[in-house]
> 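Here it is, the structure in full.
Chain naming here is simple, since letters A, B, ... match the order of the sequence lines and numbering starts at 1 in each.
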Number of protein chains: 2
Amino acid sequence: MNIRPKPAEPGRIRYTQVYKYILDRIHRGDWKAHDKLPSVRELAGELQLHRLTVFRAYGLLKEQGYIYVKEKSGYYVSGGRPYTDPAEPEDASNTRSNLTTGGAGGTTFNALARHGTGHLQNTLSEIHQIPAVYSFSQVLIDPNLLPNLFLSDHVKQVFDRYPKLLGTYSSVQGDEELRELLCADMQRKDKLQVSCDELLITTGGQQAIDLLAGVFLRPMDYVLVERPTYSSALDCFRQRGARLLPVEIHRDGYDLDLVEGYMKRHKPRMFYMNPTFHNPTGFIVPASQRKRLVELAERYGCLIVEDDAVHDVYFDAPPPPPLYSYDTEGWVVYLRTFSKYLAPGLRICAVAARAAVMAPLLTAKSLADNGTPLVNQKLFQHCFESERLQQHLEKLRTALQIRRDVMEQALAAGTGWQWYRPQGGLNLWVRLPEGLSSNQLLTEGVRRGLTFVPGTICDPLGEMDDRIRLSFSFKNEAQIREGVHLLVQLADELARGG
Amino acid sequence: MNIRPKPAEPGRIRYTQVYKYILDRIHRGDWKAHDKLPSVRELAGELQLHRLTVFRAYGLLKEQGYIYVKEKSGYYVSGGRPYTDPAEPEDASNTRSNLTTGGAGGTTFNALARHGTGHLQNTLSEIHQIPAVYSFSQVLIDPNLLPNLFLSDHVKQVFDRYPKLLGTYSSVQGDEELRELLCADMQRKDKLQVSCDELLITTGGQQAIDLLAGVFLRPMDYVLVERPTYSSALDCFRQRGARLLPVEIHRDGYDLDLVEGYMKRHKPRMFYMNPTFHNPTGFIVPASQRKRLVELAERYGCLIVEDDAVHDVYFDAPPPPPLYSYDTEGWVVYLRTFSKYLAPGLRICAVAARAAVMAPLLTAKSLADNGTPLVNQKLFQHCFESERLQQHLEKLRTALQIRRDVMEQALAAGTGWQWYRPQGGLNLWVRLPEGLSSNQLLTEGVRRGLTFVPGTICDPLGEMDDRIRLSFSFKNEAQIREGVHLLVQLADELARGG
C-alpha cells in the first residue's frame, strides 16, 4: 500500500511571514496611511525575532510600495495604491460573480483562481434565505413527500429505547451502530469495500467538504473542480485561498486528457467531483471513466473528493458504482449523504476514507464540533433500519420523476428553453432563451416570489449567465406549474425589454 | 458607534506566495531531495505568473538553503537541513507537550507561540476517547442527573407538534423562535442587551470557537489566552497558526497591567477567556475587572471571546454579569452554552455578537454546515420552555455540589494534594503531591481504567505538569470515591518509585 495523501504542512517561513504579518495589520487598519511604523529594533523586540528578519520584511514591503522611508525618521505606511505586478491583476477579486454584478469573470482560470483568495462568501446560502413562494433554488425534498407520521412515531420509539439519548455525547467519529449499519448497506447495495473504521459521520455533506478543505488545502494549492458545480464547495475552496482548475462536465463525462494534463502540470491537491446525477447538470460520469480517474488520482497524487449526494434518487436504473469502489490506494474520499431522502433535517452524511485521510479528518472534526450529535445519529439509524424505508424510497422516486416531468412540460410551453433530461437527482439545468441573463431574471424573480440558482455561481469561472438551476424537489406539481409559468412570463417580459 | 472588528483579510502577496507554494510542494514530497525543479520559464508558465516573480521566489529559497543551483542545469531540491535563522528555533514544534512527552515546552511564550503553527492536534479529544471506568476527564453531566423520562416524553410532544420536523432545515442563523426564547432569557436573568438578530445558534461551544478562529485569525496573529485554559481552544488557535500570549488567571482574576501591556505591544486579535467558573480552575473574574477588560478591548481593538459554558452551574450565588453586558462597541463575542445541563446531547450554544462580527460569522457557519439541524433546536426549545427546567436546575446544582464535596473528601485522604474549592462549574484543578508528573500519573491511570486531564495540555506553555483537572460531574458518588482512592494509590506507588 502506498497511501500518501497527507494534510498540508506549514512551510517554514521567516521574513516572508513577517511581511505578511505587517501587511495584514496595515489592511486591518492598525497602521493607517502615513502612520509611522515601529522601528526595526522595536518590531524585532516585539516579535522576538532577529532584526535582520524584520529589516528584510520592511525591504520587501518598501520594494512593493506598501511602505516608504523618510530619511532619519523611519518607515511609513504608503498612502496610494501600491505597485502592481502586471502579471497579477489587482482587481481580480472584483470580477467575482455575485447576485448583482453577474459573471463578468476573467477568461483564464488563473485570473479566476485568484478571486477571493481567503475570501469569505456563500452566495448560494444567501439565495436560500430569500423567502419565495416558488422556491426552485433549494435542493431539498418537499417535506410532504416524506413519511412524516411514520417518522414521528418511529422517533418516539427511539426515545423509549434510549431514554438517556439527550444526555449522551457521540464519539468524534460517529456512533458505531450507525456506522456498522451504513457500512453493511454500502457493501450490500453498492459493493463498496468499506469498514466501520473507515467511516466518519458528519453533519451533512457541506461539513465534510469544509473539513476536507481545511485539512488538505493551503493558499495557492490547485483544486480541480467541475464546470459547472456546487457553488458552496467553490466557496469553501476559495476561503482557503485555493486556485480552481475547471474541468467541463458533459453528458459523457470529462475530457480525461485534459484532466491528466492538469494533474501533470499543476499537481492539484484535490479533484472535487459530483459524478452521479451531477449537481447541477444531472449528468452521470460513465463507469469506464470512473476507473480511469482513480488511476490518474493515484499516479499524480491527487485526492479525489467524490460527493455523492443523491445516489438513491434514480428514475430508471441505479447509477454505476462510485469511484470509491475502484480505489485501492486511498486516493478517493467518498461523501455519501444518507439523510436527504428520508429525514433531511437530521443531516447525516457518511464519509468513507482510508486511514491516511481519516486520521487528520477526525482531528479536524473534533476541533469543529466534537462529533455530530448522537441524537441525530440514533434517530437516523432507526429510521434507516426500518423496512418501511425501502417502500418510501420507491414512492419518492416516482413522485420526483413526476415532478421532473411536470417541470419539463411547463418549460416546454416557453420558447427557446433547453435542458438535459436527468435520469436522477433533483434539478434541471436549463439554458435560457437567447440573450437572457440568469442574474437579471433572478432579480425580477425575487420581486415576484420566485428563486432559482443563477448559472454564474455554479461556474468556477463566474460565466454561464445563460443557465439556471431549477430544483423540482421542493415544490409540488401545482406550484411547479405556476412557478415555471411565471418564470417563462418574466423571461418574455425581459426579452421584450419590459 | 465605532464597530471595528473585521474578518482577517488576505494580504496581497506575490513572490512570497510562490515561495510558500514551492516550499509546500517540497514538504509534501512532490519534489524530493536532489530532484530537479521546473525551470523559471516552466513554472512561470504553469502558474501564469511573470517570470521575475518565480525567479525571486527561487532566489529566496536558494538563499535559505532549501534549493541549490547546478550551473547550466537548473534548480534542485536541497538534501540536508536548510539554513536556520538563529533567532527562530527550528525545533520549537518538537517541544509541544502531549500525552507521552509531557511539557518540556519552551520557556518564553514566543518559543511556544511557534509550536504547531498550522498544526492539527486535539489531545483532549484523544483522552476522551480512552475507555475508562473512572472517567474524570469529561466535563459532561452524568446522564443519570438529567430528567430523562421527562425529556423523552417532552420530545414526543415536540414531534406531535411539528410532524414534519425531520424533513425541515433550519436557517443558517438558527430557528427564530429559539433565538427569541434565549434572548428573552438572557435579558431577564442576566440583564444582557441582546436582540434576536445578534444571536447565532451553533452546534456546541466548540463549533463557535472554531468558527471565530477561522474568521478572525491568520498565521502570526497574537491571541491572548488564559493560563491554564481549555485545551481544545488552544488547538483551534494553533491550527490557524496563531501565536499564543498566556495570561495567568488567579482567584482574583488577571494582572490587568500585563493584559494592557500585551495589548499595547502585540496588538492581539483576540482574547479568548472563560471568566465564569473558569475551566479548569473554577475561578471567577470579578465584576470590577470585567468592566475594565471591555474598556481595554475597545481601546486596543482586541476582540474578547467570552466563553460561558457553565453559567448556571453555581453552588452559592449566581456569577457576576458577563463581560458582554458591559460592551457597547461590539468588541465582545459571548458564547453561552445552553444545552449542557438539560440535554447536552442536543449541543445548543448561542453566540451573541454585534453586526460587524455576526456577518462574517454567518458566512462561516453556512460554509461549515448550513446551520445547526432544526430538530436539535426545536427539541431544545421545548425542553427549555418547560417549567420543569427550573426545578431540574436547582436539583442539579445540589447534586453537583455534593459530588464536588465527595471528591474533595476523597482527595483529602491523600497526602500533599492541593486544590481550590470552586463555587461552580464541573471541575477541581488539583496540584499533585510534590515530584509527581501528571502525564506519568495519567499513563498509569489509563492502565487501571482511570482518566483525567493532565495540566500540560491546559497550559499554553505546555508546562504545569504538576496539575490535573478532575471533573466531578460525570461519575456518581461511589465511583468518585473509588476512582479518587485509586488515583491517590497510584500516586503513592509512583512516589515510592513503584
> Nearest heavy-atom pair of A:Ala368 and B:Asp210: which atoms, and what distance?
CA-OD2, 3.5 Å
> Given the options A:Lys340, A:Arg25, A:Lys156, A:Lys267, which has more heavy-atom pairs under 4.5 Å with chain B than any of the others?
A:Lys156
> Give me the atom names and distance for the closest heavy-atom approach of A:Ser152 to B:Pro163.
OG-O, 3.6 Å
> Atom CZ of A:Phe159 and atom CG of B:Asn148: how far apart are they, to the nearest 0.5 Å?
11.0 Å
> Please rank A:Ser366, A:Ser232, A:Pro143 by heavy-atom pairs under 4.5 Å with chain B and give me the top one.
A:Ser366
> Say you draw a straight line from CG of A:Leu166 to OG of B:Ser339; how long is it, rounded to the nearest 0.5 Å?
10.0 Å
> Using the side-chain contact (heavy atoms from CB on, under 4.5 Å) rule, take A:Lys164 and B:Leu146 through it: C-alpha gap first, then chi angles, then the decisive distance, then the call.
CA-CA 8 Å; A:Lys164 294 175 190 169; B:Leu146 300 172; over 6 Å; no
> Which region of A:Asn376, side chain (C-beta onward) or backbone (N, CA, C, O), has a non-hydrogen atom less than 4.5 Å from a non-hydrogen atom of chain B, or is it both or neither?
side chain
> Using ring pair (Phe, Tyr, Trp, His ring centres under 6.0 Å) as the criterion, list what pairs up with B:Tyr21, not counting sequence neighbours.
none
> Look at A:Val155, A:Leu346, A:Val375 and state which one has the largest set of heavy-atom pairs under 4.5 Å with chain B.
A:Val155
> Would you mind telling me which of A:Asp153, A:Thr202, A:Leu379, A:Asn144 has the largest number of heavy-atom pairs within less than 4.5 Å of chain B?
A:Asn144
> When you measure from the side chain of B:Arg347 to the backbone N and O of A:Leu374, does any donor-acceptor pair fall under 3.5 Å?
no
> Distance from B:Ser171 atom OG to A:His128 atom NE2, nearest 0.5 Å?
12.5 Å
> Can you measure from OG (B:Ser125) to CG (A:Leu362) and round to the nearest 0.5 angstrom?
8.5 Å
> Going through the distances and angles, do B:Leu367 and A:Gln121 end up as a side-chain contact (heavy atoms from CB on, under 4.5 Å)?
CA-CA 8 Å; B:Leu367 292 174; A:Gln121 174 152 346; over 6 Å; no
> Identify which of A:Gly371, A:Ala364, A:Gly345 forms the greatest number of heavy-atom pairs closer than 4.5 Å to chain B.
A:Gly345
> Using non-hydrogen atoms only, which part of A:Leu149 is less than 4.5 Å away from chain B: side chain, backbone, both, or neither?
neither
> Who passes salt bridge (charged side-chain N to carboxylate O under 4.0 Å, His left out) against B:Lys365, sequence neighbours left out?
B:Asp369
> Shorter than 4.5 Å, heavy atoms on both sides: which option in A:Asp160, A:Asp142, A:Ile141 has the most such pairs with chain B?
A:Asp160
